[in-house]
Amino acid sequence: MYDFVIVGAGFAGSVLAERLADAKYRVLLIEKRNHIGGNAYDHYDEAGILVHKYGPHIFHTNSTEVYTYLSKFTEWRHYQHKVLASVDGQLLPIPINMNTVNELYGLDLDAEGVSAFLAERAEKIHPVVTSEDVVLSNVGRDLYNKFFKGYTKKQWDLDPSELSASVTARIPTRTNKDNRYFTDKYQVMPLHGYTRMFENMLAHPNIHIMLNADYKDVISGISYKKMIFTGPIDEYFDFRFGKLPYRSIDFKFKTFDQEQFQETGTINYPDDYDFTRITEFKYLSGQKHSKTSVVYEFPKAEGDPYYPIPKPDHAALYQKYKRLADAMDHTYFVGRLATYKYYNMDQVVAQSLMVFKKIAGLDQVVKS
Ligand code: FAD
Ligand code: UDP
């Protein structure tokens, strides 16, 4: 008899398995893929270069709790991600900052000058509701058209005006020269990769792992008390209210017989080509190798569900599923797919730690 069956061995499932096992519960972790780690899984490709199978994963967080927790399972390497966008034949820093504005328009503005430049162009929009509103109200139409409109259309197959504000709000606007993609307090990569970190997390005698198994095919033969589900919530409920839309991606990997392919970790292509971006893994890992591997991301509608699509009607549909989920006593829904939230890794870890506290607290109440 297991205390918990956990479906999915990504961040949500693995953090909860580790926490529960540490609290002496017996856990069965069921994963339909042939590996742990969920979408953060990494491995060495044929050339011996560490690559991320489901697209580039860069860890960043402001949460000391999350950073300290994960530090039990990995050492880190400091890494500050930088992204350039290919716009009008130039490679320019994104998020938009002083360098972007000066290089794009051939200017030499200081921070105040950039502020005034953007304020003059920013459109007055109240309230800010969509992803288009966010960008137009920060930087105006020209920068919106050049950096956001095409990229967003490719990534989501939607115009920014159809997407919730939270999507483009992920990308700040700066008036200083900070070219980093993130400004979080902790910007680190697991020194030996994500998969190794997950292996360390799950190496506990109270955790049994079943790979290559869809839980629906095996669950009837397992005796357990409670379930934690981290897959798509609509699938759990057999699509009772219809499908929740998720965006998928084709990842095309290439290895080049040269030490370096591009001048920074990621280059975004808002306007040209069918792919959104190219990421070169050696920047992320710090690995030294005479060859280099990159991944091109081609967004698509069908395929593995990678991104919930933040849009008001999707949020309303999710709420219907959430009401079913909330009414269940012994099943918890956690993670990016099960709570239909465009979460980064650290947010999923934080959510999972919170759910653990809730479960442990509830259990004490029941036991006492
Ligand atoms: P997942 O990792 O999706 O894990 C869910 C697991 O459940 C999967 O392994 C799945 O196979 C399994 N599963 C589903 N259904 C079943 C079933 N029926 N039976 C058994 N198993 C099942 N975050 C960052 O912080 N930084 C980044 O740079 C970053 N880049 C990203 C790039 C891409 C292209 C993508 C797609 C995501 C990125 N993320 C990034 C987000 C990050 O991947 C997620 O926040 C995190 O991996 C979510 O963890 P999870 O456990 O919720 O879900
Ligand atoms: N975005 C954009 N142009 C860019 C970078 C981002 O239009 O050069 C928009 C786009 O809609 C994208 C969103 O901002 O989906 C969030 O970008 P982020 O890099 O955070 O996406 P992720 O890494 O999660 O795919």
Side-chain angles (χ1 to χ4, degrees), residues 5-16 29-41 52-61 66 81 83-87 92-96 131-132 134-135 144 146-156 158 160 163 166-171 181-182 184 189 194 198 210-219 228-233 235-236 246-249 251 265-271 276-277 279 284 295 297 299 304-310 333-339 341-349 351-352:
V5 159
I6 300 182
V7 179
F11 267 102
S14 300
V15 168
L16 276 156
L29 185 55
I30 304 177
E31 168 57 58
K32 69 178 178 187
R33 290 170 172 163
N34 63 1
H35 59 74
I36 58 172
N39 287 338
Y41 171 75
H52 301 175
K53 183 168 181 181
Y54 305 99
H57 279 69
I58 296 119
F59 188 81
H60 56 102
T61 189
V66 167
H81 194 50
V83 180
L84 293 170
S86 171
V87 168
L92 302 168
I94 174 96
I96 289 167
S131 267
E132 180 184 62
V134 170
V135 184
Y144 165 76
K146 286 180 159 65
F147 287 85
F148 287 90
K149 195 174 165 67
Y151 189 105
T152 300
K153 175 72 183 154
K154 263 197 268 185
Q155 170 70 17
W156 304 97
L158 291 171
L163 277 168
S166 58
V167 177
T168 53
R170 290 167 62 89
I171 314 298
Y181 206 58
F182 309 112
D184 299 51
M189 296 289 289
Y194 289 99
F198 280 98
M210 190 188 278
L211 294 178
N212 302 302
D214 190 314
Y215 86 102
K216 284 193 172 155
D217 300 333
V218 296
I219 199 72
I228 292 168
F229 185 77
T230 76
I233 187 168
E235 194 177 312
Y236 180 90
Y246 296 89
R247 194 75 174 143
S248 194
I249 297 188
F251 300 106
T266 296
I267 297 187
N268 289 354
Y269 292 86
D271 291 315
T276 47
R277 58 187 178 189
T279 298
L284 280 51
V295 65
E297 295 178 50
D304 276 2
Y306 292 134
Y307 289 83
I309 305 177
F333 294 78
V334 192
R336 174 149 148 150
L337 304 171
T339 58
K341 295 278 181 323
Y342 186 178
Y343 274 164
N344 293 326
M345 295 180 279
D346 65 317
Q347 294 171 298
V348 171
V349 173
Q351 186 192 40
S352 308

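Start at 1 and go down the list; that is how both ligands and their atoms are numbered. Predicted model only: the values in this text are computed from it and were never measured.
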Checklist line | Taking atom 42 (C) of ligand 1 as the reference point, the nearest protein heavy atom with its distance | finding: His57 NE2, 3.5 Å
Check: Relative to the heavy atoms of Ala213, which atoms of ligand 1 are at a distance of less than 4.0 Å?
Finding: 19 (N), 20 (C)
Checklist line | N/O donor-acceptor pair under 3.5 Å between His81 side chain and Phe182 backbone | finding: no
Check: Which of the atoms in ligand 1, numbered in the order shown and given with their element, are less than 4.0 Å from a heavy-atom of Leu337?
Finding: 3 (O)
Margin query: Quick check: Ile58 and ligand 1, any N/O pair under 3.5 Å apart?
Written below: yes
Next item on the list: Could you check Tyr144 against Ile96 for side chain to side chain contact (heavy atoms under 4.5 Å, CB included), going step by step and ending with a plain yes or no?
Entry: CA-CA 10 Å; Tyr144 165 76; Ile96 289 167; over 6 Å; no
Next item on the list: Answer yes or no: does an N/O atom from Lys32 fall short of 3.5 Å to an N/O atom of ligand 1?
Entry: yes
Notebook entry, point to check: Atoms of ligand 1 less than 4.0 Å from Gly231 heavy atoms?
Noted result: 14 (C), 15 (N)
Next item on the list: Kindly indicate whether the side chain of Pro93, heavy atoms from C-beta on, has any atom under 4.5 Å from the side chain of Val83.
Entry: no
Next item on the list: Mark up the atoms of ligand 1 that fall under 4.0 Å of a heavy atom belonging to Ile30, in ascending order.
Entry: 20 (C), 21 (N)
Item checked: Flag side-chain contact, heavy atom, 4.5 Å: His52 against Tyr41 -> no
Check: Do any nitrogen or oxygen atoms of His60 lie less than 3.5 angstrom from nitrogen or oxygen atoms of ligand 1?
Finding: no
Check: When you measure from atom 18 (N) of ligand 1 to every protein heavy atom, which one gives the shortest distance, and what is it?
Finding: Asp214 OD1, 3.0 Å
Next item on the list: Anything with a heavy atom under 4.0 Å from ligand 2 counts, so go ahead and list those protein residues by chain and number.
Entry: Ile94, Phe147, Phe148, Tyr151, Thr152, Gln155, Trp156, Val167, Arg170, Ile171, Tyr181, Asn268, Arg277, Tyr307, Tyr342
Next item on the list: Assess whether side chain to side chain contact (heavy atoms under 4.5 Å, CB included) is satisfied between Ile309 and Leu163, documenting all intermediate values.
Entry: CA-CA 8 Å; Ile309 305 177; Leu163 277 168; 4.0 Å; yes
Next item on the list: For ligand 1, note which part of Tyr54 has a heavy atom under 4.0 Å away: side chain, backbone, both or neither.
Entry: backbone
Notebook entry, point to check: When you measure from the side chain of Arg336 to the backbone N and O of Gln347, does any donor-acceptor pair fall under 3.5 Å?
Noted result: no
Check: Under 4.5 Å between any side-chain heavy atoms of Ile219 and Val5, yes or no?
Finding: yes
Next item on the list: Please check if the distance between the ring centroids of Tyr343 and Phe11 is under 6.0 Å.
Entry: no
Notebook entry, point to check: Which residue holds the protein heavy atom closest to atom 7 (O) of ligand 1, what is that atom called, and what is the gap in Å?
Noted result: Gly8 CA, 3.2 Å
Next item on the list: Could you check which of Ser14, Ser352, Pro56 puts a non-hydrogen atom nearest to atom 30 (N) of ligand 1?
Entry: Pro56
Check: In terms of atom number and element, which parts of ligand 1 are under 4.0 angstrom from non-hydrogen atoms of Tyr343?
Finding: 41 (C), 44 (C), 45 (O)
Note to self: Applying side-chain contact (heavy atoms from CB on, under 4.5 Å), can you list everything that pairs with Gln155, at least two apart in sequence or on another chain?
What the structure shows: Tyr151, Ile249, Thr276, Pro299, Tyr307
Next item on the list: Look only at the side chain of Ser248 and the backbone of Asp304, and say whether a donor-acceptor pair between them is shorter than 3.5 Å.
Entry: yes
Notebook entry, point to check: Atoms of ligand 1 less than 4.0 Å from Gly335 heavy atoms?
Noted result: 52 (O)
Notebook entry, point to check: When the ring planes of Tyr54 and Tyr306 are compared, do they come out parallel, tilted or perpendicular, using 30° and 60° as the limits?
Noted result: tilted
Item checked: Val135 vs Pro160 side-chain heavy atoms within contact, under 4.5 Å -> no
Checklist line | Closest approach of any protein heavy atom to atom 36 (C) of ligand 1, naming residue and atom | finding: Tyr306 CB, 3.5 Å
Next item on the list: Tell me, please, which residues at least two apart from Glu31 pass side-chain contact (heavy atoms from CB on, under 4.5 Å).
Entry: Ala9, Arg33, Leu211
Next item on the list: State if Glu31 counts as touching ligand 1 under the rule of any non-hydrogen atom under 4.0 Å.
Entry: yes
Next item on the list: Note the single closest protein heavy atom to atom 52 (O) of ligand 1, along with its residue, its atom name and the distance in Å.
Entry: Arg336 N, 2.9 Å
Notebook entry, point to check: atom 3 (O) of ligand 1: protein heavy atom closer than 4.0 Å?
Noted result: yes
Checklist line | Polar proximity ligand 1 side, Met345 side, N/O cut 3.5 Å exclusive | finding: yes
Item checked: Min heavy-atom dist Phe59 to ligand 1 below 4.0 Å -> no
Check: Quick one: nearest non-hydrogen protein atom to atom 51 (O) of ligand 1, plus distance?
Finding: Ala12 N, 2.9 Å
Next item on the list: Applying side-chain contact (heavy atoms from CB on, under 4.5 Å), name anything that partners Glu235, two or more places apart in sequence or on another chain.
Entry: Lys32, Lys216, Pro232, Phe239
Check: Should Val7 be counted as touching ligand 1, given the test is an N or O pair under 3.5 Å?
Finding: no
Check: Applying a 4.0 Å heavy-atom criterion (strictly less than), which segment of Asn39 is in contact with ligand 1: side chain, backbone, both, or neither?
Finding: both
Note to self: I need the contact type for Phe251 against ligand 1. Using non-hydrogen atoms and a strict under-4.0 Å cut-off, is it side chain, backbone, both or neither?
What the structure shows: side chain
Notebook entry, point to check: For ligand 1, which atoms have a heavy atom of Thr230 less than 4.0 angstrom away?
Noted result: 5 (C), 7 (O)
Next item on the list: May I ask you to identify, for Tyr215, whether its side chain, its backbone, both or neither come under 4.0 Å of ligand 1 on a heavy-atom basis?
Entry: both
Check: Based purely on interatomic distance, does Asp346 place a nitrogen or oxygen under 3.5 Å from a nitrogen or oxygen of ligand 1?
Finding: no
Margin query: For the backbone of Val7 and the side chain of Thr230, can you confirm whether one donor and one acceptor N or O come within less than 3.5 Å of each other?
Written below: yes
Note to self: Quick one about Arg170 and Asn344 (side-chain donor to acceptor, distance below 3.5 Å, no hydrogens or angles considered), yes or no?
What the structure shows: yes
